[in-house]
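Contents: one structure, followed by commentary.
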Amino acid sequence: MPDRDVLHSDINCCYAQIECQARPELRGKPVVVGGDEEARHGIVLAKNLIAKRAGVKTAMALWEARKACPGLVVVPPDYRLYMDVSRRAREIYYDYTDRVEPFGPDEAWLDVTGTRRCLRLSPAAWSPSSASACRSGCRGTRSSPSSAATTRSPMPSR
């Protein structure tokens, strides 16, 4: 089997970072997306980097997270917003390759085998315009995500 170039994309602190992007008043503050404490689902679903640095961990009880990080802002999840951002991220991935294997809302595997050869570019030289040219010049059409690469491992060693 020929060597494959497979990239893994993972949006760090996804839900909390999306909340901070969507709500500027949260920027610069420790933020977690948390479950409903009254319904006894009061755990950290996601945290931003500020909360992480203060010791907050995913799946931590919210009362414990508040103790570890005074001033912690807890926001309820907005899954509709997260799925919209996920969809937009995948649209960007498809600008680079037609072989995208989503792995949850914030992760995907991208088979970019041949993309560099198409434009004779290194990954550092990629841009949306060069990727678009590659897609139209080498790939032609996009495949559906279900027919995308299923590699679940990092790029092979060379």
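Heavy-atom basis, side chains included; hydrogens, waters and symmetry copies ignored. Index from 1, following the sequence.
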Report task. Please test Val32 against Met60 for side chain to side chain contact (heavy atoms under 4.5 Å, CB included), starting from the C-alpha separation and ending with a verdict. Result -> CA-CA 10 Å; Val32 299; Met60 181 182 267; over 6 Å; no
Query - Closest heavy-atom pair and its distance - Gln17, Asn48 - result: OE1-CB, 3.0 Å
Query raised in the report: Could you walk me through whether Tyr94 and Val100 pass the side chain to side chain contact (heavy atoms under 4.5 Å, CB included) check?
Result: CA-CA 7 Å; Tyr94 279 113; Val100 176; 3.7 Å; yes
Query raised in the report: Between Tyr82 (side chain) and Asp78 (backbone), is there a donor-acceptor pair under 3.5 Å?
Result: yes
**Report entry** Arg27 to Gln21 - nearest heavy-atom pair and separation
**Finding:** NH2-O, 2.8 Å
Query raised in the report: Can you check whether Glu107 reaches Ser9 side chain to side chain, under 4.5 Å on heavy atoms?
Result: no
Report summary line: Tightest non-hydrogen contact, residues Val75 and Glu19, listed as CG2-CG, 3.9 Å
Query - Which atom of Ala16 lies closest to which atom of Val31, heavy atoms considered - result: CB-O, 4.1 Å
Query raised in the report: Residues two or more places apart in sequence or in another chain: which of them pass ring-ring contact (aromatic ring centres under 6.0 Å, His included) with Tyr93?
Result: none
Requested in this report: Output yes when a side-chain donor or acceptor of Ser86 lies under 3.5 Å from a complementary backbone atom of Pro105, and no otherwise.
Outcome: yes
Report summary line: Heavy-atom nearest pair, Leu62 first then Gly35, reads CD1-O, 3.7 Å
Requested in this report: Could you walk me through whether Leu110 and Val6 pass side chain to side chain contact (heavy atoms under 4.5 Å, CB included), step by step?
Outcome: CA-CA 5 Å; Leu110 293 75; Val6 178; over 6 Å; no
Query raised in the report: If you count the non-hydrogen atoms of other residues, nucleotides and ligands that lie under 6.0 Å from CD in Glu38, is the total more than 12?
Result: no
Requested in this report: Please name the pair of heavy atoms, one in Asp111 and one in Thr97, separated by the smallest distance, quoted to 0.1 Å.
Outcome: O-OG1, 2.5 Å
